[in-house]
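Worksheet for the structure shown next.
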Amino acid sequence: MKVKEFLLKKDVVISLKRYGVEAMGAMTLGLFASLIMGLILSEIGTRVGIGFMVDMGGWARGATGYAIGVAVAFGLKAPPLVIFASAATGFVGNYLGGPAGALLAAIIGAELGKLVSKETKVDIIVTPATTLMTGMGVAMAIGPAIDWLMSTIGNFIMWATELMPALMGAIIAVVMGMALTGPISSAALAITLGLSGIAAGAAVAGCAANMVGFAVSSYRENKVGGLVSQGIGTSMLQLPNIIKNPRIWIPPIIASAIAGAVSAAVFGMENVPEGAGMGTSGLVGQFGAFTAMGFTWVVLTQVIIVHFIIPAVTCLLISEFMRKKGWIKFGDMKLEA
């Protein structure tokens with residue numbers, strides 16, 4: 001059997017889509033089920049004085065590496081033995097290289113584990129051993145370097161945002177907002193880079209601008225269901241429509257730049273890595289703001305203005321103007337049923 005045929009048989013597809021979109025998307029689910037939910041539980045427990053919820057949140061966040069490993073292997077359609085072994089490769093990858101290290105270790109371990117799965121009479125030994133040795137080996141070899149690289153990039157972004165809050169706030173907001181709506185995982189990107197402080201605040205603003213912006217500007221097509229599914233779900237639902245008419249993305253992009261600049265330069269809003277790439281999805285970005293800045297009426301007002309009012313008003317005005325010009329037509333933002 002030729003190599004290409006064997007890889008196809010094992011569903012090992014070496015491509016940017018498979019690893020940069022599918023595996024990273026699965027990683028986001030792992031992050032949400034552990035690190036991000038841990039943040040929410042801890043924040044609620046702290047605010048209402050329920051100690052065991054704070055403990056649960058801490059344990060959930062501590063299981064991040066395991067969750068990433070299992071999620072990535074599952075996303076790559078690995079067989080059971082590979083998925084279970086990937087919990088360990090994800091843990092080691094996260095321990096040595098952070099979330100990016102966990103992602104890489106899980107991908108390598110899972111893909112090579114898939115190659116040997118059910119190819120020998122001692123599958124129960126060979127498959128998990130291959131997954132563990134290759135995934136952990138990669139983590140041990142380059143995990144620390146990956147962690148240093150991601151930390152260096154993240155620190156530079158945060159330093160630049162402190163230096164030029166209006167400009168960098170707008171840039172970060174636009175990039176992260178587009179990542180959230182596009183096929184790239186903004187949540188995984190923010191956590192991998194370790195974004196915090198006002199850079200994370202700007203990132204949340206940009207993501208929120210895309211979600212709330214699309215929800216409001218497409219209301220006439222999608223009504224209340226679309227308002228909810230995009231406003232606290234994900235603006236990625238609009239991706240097929242963006243491909244058909246890219247101009248519908250203009251209002252949220254402009255709103256992202258405005259919200260990001262206001263967040264960083266006017267209010268100096270902060271956030272945490274777990275919330276930086278989430279926008280208003282499940283209100284995780286807002287929980288992140290309260291975690292970073294405390295829950296006060298001032299912070300709540302800033303959150304409402306930057307995460308909801310600016311995106312909603314900006315996108316409504318611009319989209320209506322574009323509709324009158326004929327650049328956006330009725331149905332252009334209609335979501336698939």
Side-chain angles (χ1 to χ4, degrees), residues 28-29 31-32 35-37 39-41 43-44 47 169-170 172-182 184-191 195 198-219 222-239 242 248-249 251-264 267 269-293 295 299-316 319 333 335:
T28 301
L29 297 179
L31 286 169
F32 193 89
L35 189 64
I36 294 172
M37 280 306 302
L39 167 70
I40 295 174
L41 290 173
E43 183 64 20
I44 293 175
R47 299 304 169 193
I172 291 171
V174 169
V175 171
M176 292 298 288
M178 294 182 74
L180 181 141
T181 301
I184 302 171
S185 172
S186 56
L189 183 60
I191 292 171
L195 290 185
I198 63 173
V204 173
C207 293
N210 271 254
M211 296 177 64
V212 174
F214 270 123
V216 171
S217 59
S218 71
Y219 182 79
N222 301 306
K223 305 304 179 183
V224 175
L227 192 71
V228 174
S229 63
Q230 295 173 92
I232 59 175
T234 176
S235 53
M236 192 182 293
L237 296 172
Q238 284 290 347
L239 190 57
I242 291 172
I248 67 172
W249 212 350
I253 289 174
I254 294 175
S256 294
I258 295 172
V262 171
S263 174
F267 294 138
M269 295 179 69
E270 299 182 1
N271 217 287
V272 295
E274 298 93 327
M278 293 296 293
T280 53
S281 180
L283 301 180
V284 175
Q286 292 62 58
F287 276 107
F290 300 143
T291 299
M293 299 187 291
F295 186 84
V299 174
L300 179 60
T301 301
Q302 292 175 347
V303 166
I304 292 173
I305 292 172
V306 173
H307 296 178
F308 296 96
I309 295 178
I310 290 178
V313 173
T314 302
C315 286
L316 183 61
S319 64
M333 289 187 274
L335 297 179

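The basis for the numbers below is simple: all heavy atoms, side chains too, and nothing from hydrogens, waters or symmetry mates.
- With a 4.5 Å cut-off on side-chain heavy atoms, Pro252 and Thr181 do not count as touching.
- Atom NE2 of His307 is separated from atom SG of Cys207 by 9.5 Å, given to the nearest 0.5 angstrom.
- Between the CD1 atom in Ile232 and the CE atom in Met278 there is a gap of 11.5 Å [rounded to 0.5 Å].
- Using a distance-only test at 3.5 Å, with no hydrogens or angles considered, no donor-acceptor pair links the side chain of Glu43 to the main chain of Leu39.
- Distance alone, capped at 3.5 Å, is enough to place a donor-acceptor pair between the Ser319 side chain and the Leu316 backbone.
- Side chain of Asn210 to main chain of Ser256: no donor-acceptor pair is present (N/O by atom type, distance under 3.5 Å, no hydrogens or angles).
- The distance from atom CZ of Phe295 to atom CD of Gln286, rounded to the nearest 0.5 Å, is 11.5 Å.
- Identified under the salt bridge (Lys or Arg N to Asp or Glu O under 4.0 Å) test for residues 275-287, with sequence neighbours left out: none.
- The closest side-chain heavy-atom distance from Met176 to Val204 is not below 4.5 Å.
- Residue Pro311 comes nearest to Val306 through the heavy atom pair CD-O, 3.2 Å, listed as atom of the first residue, atom of the second, then distance.
- At least one donor-acceptor pair closer than 3.5 Å links the side chain of Gln238 to the backbone N or O of Met333.
- Asn271 places a side-chain N or O within donor-acceptor distance of the main-chain N or O of Gly285, the cut-off being under 3.5 Å.
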Trace of the side-chain contact (heavy atoms from CB on, under 4.5 Å) decision for Ile198 with Phe267: CA-CA 9 Å; Ile198 63 173; Phe267 294 138; over 6 Å; no
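- Residues Gly213 and Cys315 approach most closely at CA-SG, 3.3 Å, considering heavy atoms.
- Atoms CG and NZ, on Leu335 and Lys223 in that order, are 13.0 Å from each other to the nearest 0.5 Å.
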Let me see the working for Val284 and Glu274 under side-chain contact (heavy atoms from CB on, under 4.5 Å), right down to the final yes or no. CA-CA 8 Å; Val284 175; Glu274 298 93 327; 5.6 Å; no
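- Summarising the geometry, atom CD1 belonging to Ile40 is positioned 10.5 Å from atom CG belonging to Leu35; distances are rounded to the nearest 0.5 Å.
- Nearest approach of Leu180 to Ser186, heavy atoms of both residues: CB-OG, 3.3 Å.
- The shortest heavy-atom contact between Ala202 and Gly169 is CB-O, 3.6 Å.
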Residues Val262, Met269; criterion side-chain contact (heavy atoms from CB on, under 4.5 Å); working and verdict: CA-CA 9 Å; Val262 171; Met269 295 179 69; over 6 Å; no
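- The nearest pair of heavy atoms linking Ile242 to Phe214 is CD1-CZ, 3.9 Å.
- A donor-acceptor distance shorter than 3.5 angstrom exists from the side chain of Thr314 to the backbone of Ile310, with no hydrogens or angles considered.
- When all heavy atoms of Met211 and Gly231 are compared, the pair lying nearest together is CE-O, 3.5 Å.
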I would like to know whether Ser185 and Thr28 meet side-chain hydrogen bond (donor to acceptor under 3.5 Å, both in side chains); could you show each step before the answer? CA-CA 7 Å; Ser185 172; Thr28 301; 2.2 Å; yes
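- A distance of 6.5 Å separates CD1 of Ile172 from CG of Leu195, quoted to the nearest 0.5 Å.
- A donor-acceptor pair under 3.5 Å is formed between the side chain of Ser281 and the backbone N or O of Gly233.
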